Amino acid sequence: MDPAQDAAVALRDIEAAEARSATLWGYQRSAPQFLLWGVLWVVGYGLNDVYPAYGHAIWAAIVPIGAAAGFASLRGAGHPIGWRYGAVAATLAAFCVAVCFVLWPIGGKQIAAVISLMVATAYVLAGIWRGPRYIVTGLVIAALTLLGFFLLRQHFFLWMAVVGGAALILAGIWLKRV
Amino acid sequence: MAQPDEVIHQQTRLKIMATLRAIPEREWIEFTRLRAIVETSDGNLGSHIAMLESAGYITVAKDFIGKRPRTRIRLTRTGRTAFTKHVEFLRTIIDTATTHGP
């Protein structure tokens with residue numbers, strides 16, 4: 001083979017291996033976060049279903065617990081935590097709060113649907129840069145949220161606890177796989 | 001002029017090195033994950049890993065998670081430098097061919 005052609009093939013192989021490696025490494029690193037938030041959705045939405053009047057208090061406790069556990073798990077695994085992760089989470093949280101204020105008065109189920117759709121959108125956006133599995137996860141979460149909100153509004157919190165939480169847990173397991 | 005690295009030049013070892021370079025420095029990759037990315041057999045991957053390890057380009061760590069044995073691999077600083085130089089060599093070949101033309 002022509003040496004230049006040989007070199008071009010080698011560089012293409014390198015590029016492909018690096019891209020696949022970086023994507024899978026990102027999946028592996030983020031998988032525990034999906035598992036964690038899947039469990040927290042089961043607990044949070046489950047409690048929300050049983051005590052609908054205490055939704056704000058329940059999530060005011062769940063979100064800081066999840067954020068702290070998420071940071072602890074990244075730190076425990078020896079992964080560096082860039083300030084951008086915190087900044088992105090804070091921006092999304094601020095956006096959700098702002099949207100809820102703009103739409104006020106807004107019911108608990110509407111707030112839950114808006115936040116879940118926001119999370120799903122964040123996964124899709126992340127997936128455009130970081131890998132298709134995040135896109136699939138985001139689309140599934142968005143579809144399940146809309147399905148539950150429009151077709152099963154009466155049992156929406158229970159739906160999000162069981163189906164939404166399970167979807168996140170399954171996504172975490174999928175992301176851990178090669 | 002840059003020279004080819006004979007250890008890295010072989011296709012499977014090139015893919016192994018590229019895979020390892022794509023993850024952050026000092027991070028490990030598990031053997032099974034590396035095998036899936038490089039798309040080769042256990043035996044083949046094992047022999048190429050041994051060759052890269054003997055050249056000082058990678059470090060191999062073996063331990064147990066419960067009862068399950070685990071083999072992890074990471075790039076050494078020497079390996080990272082050697083790989084960078086080899087990529088430079090490949091680019092030089094292409095640049096030279098482009099400059100001088102057919």
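In what follows, chains carry the letters A, B, and so on, assigned in the order in which the sequence lines appear, proteins first and then strands, with residues in each chain numbered from 1. Not measured: the values here are computed from a predicted model.
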(request) For A/Phe95, look at atom CZ and say whether over 12 heavy atoms of other residues, nucleotides or ligands are found less than 6.0 Å away. (result) no

(request) Verify side-chain contact (heavy atoms from CB on, under 4.5 Å) between A/Leu24 and B/Arg33, making sure each step is shown before the conclusion. (result) CA-CA 9 Å; A/Leu24 288 176; B/Arg33 191 167 285 267; 3.8 Å; yes

(message) Counting only heavy atoms not in B/Gln10 (residues, nucleotides, ligands), do more than 12 fall under 6.0 Å from its CD?
(response) yes

(request) Answer yes or no: are there more than 12 heavy-atom neighbours, outside A/Arg153 itself, under 6.0 Å from its atom CZ? (result) yes

(request) Could you tell me whether B/Arg77 atom CZ has more than 12 heavy atoms of other residues or ligands within 6.0 Å of it? (result) no

(request) Nearest 0.5 Å please: distance from the OG atom of A/Ser21 over to the CD1 atom of B/Ile29. (result) 5.0 Å

(request) Please name the pair of heavy atoms, one in B/Lys15 and one in A/Ala17, separated by the smallest distance, quoted to 0.1 Å. (result) O-CB, 3.9 Å

(message) Tell me the closest heavy-atom pair linking A/Asp13 and B/Gln11, and the distance in Å.
(response) OD2-NE2, 3.0 Å

(message) Please find the pair of heavy atoms, one from B/Arg91 and one from A/Leu11, that lie closest to each other, and give the distance.
(response) CG-CD1, 4.0 Å

(message) Looking at every non-hydrogen atom in both residues, tell me the closest pair between A/Glu18 and B/Ala18 and how far apart they are.
(response) CG-O, 3.2 Å

(request) Could you state whether B/Val60 and B/Ile23 fall into the same hydrophobic cluster, counting links through intermediate Ile, Leu, Val, Met, Phe, Trp or Tyr residues with side-chain heavy atoms under 4.5 angstrom apart? (result) yes

(request) Give a yes or no on this: more than 12 heavy atoms of other residues, nucleotides or ligands lie within 6.0 Å of atom CZ of B/Arg72. (result) yes

(message) To check you understand the geometry: which heavy-atom pair defines the closest contact between A/Asp6 and B/His9, and what is its length?
(response) OD2-NE2, 4.3 Å

(request) Kindly give the heavy-atom pair with the smallest separation between A/Ala4 and B/Ile94, and that separation in Å. (result) O-CG1, 3.8 Å

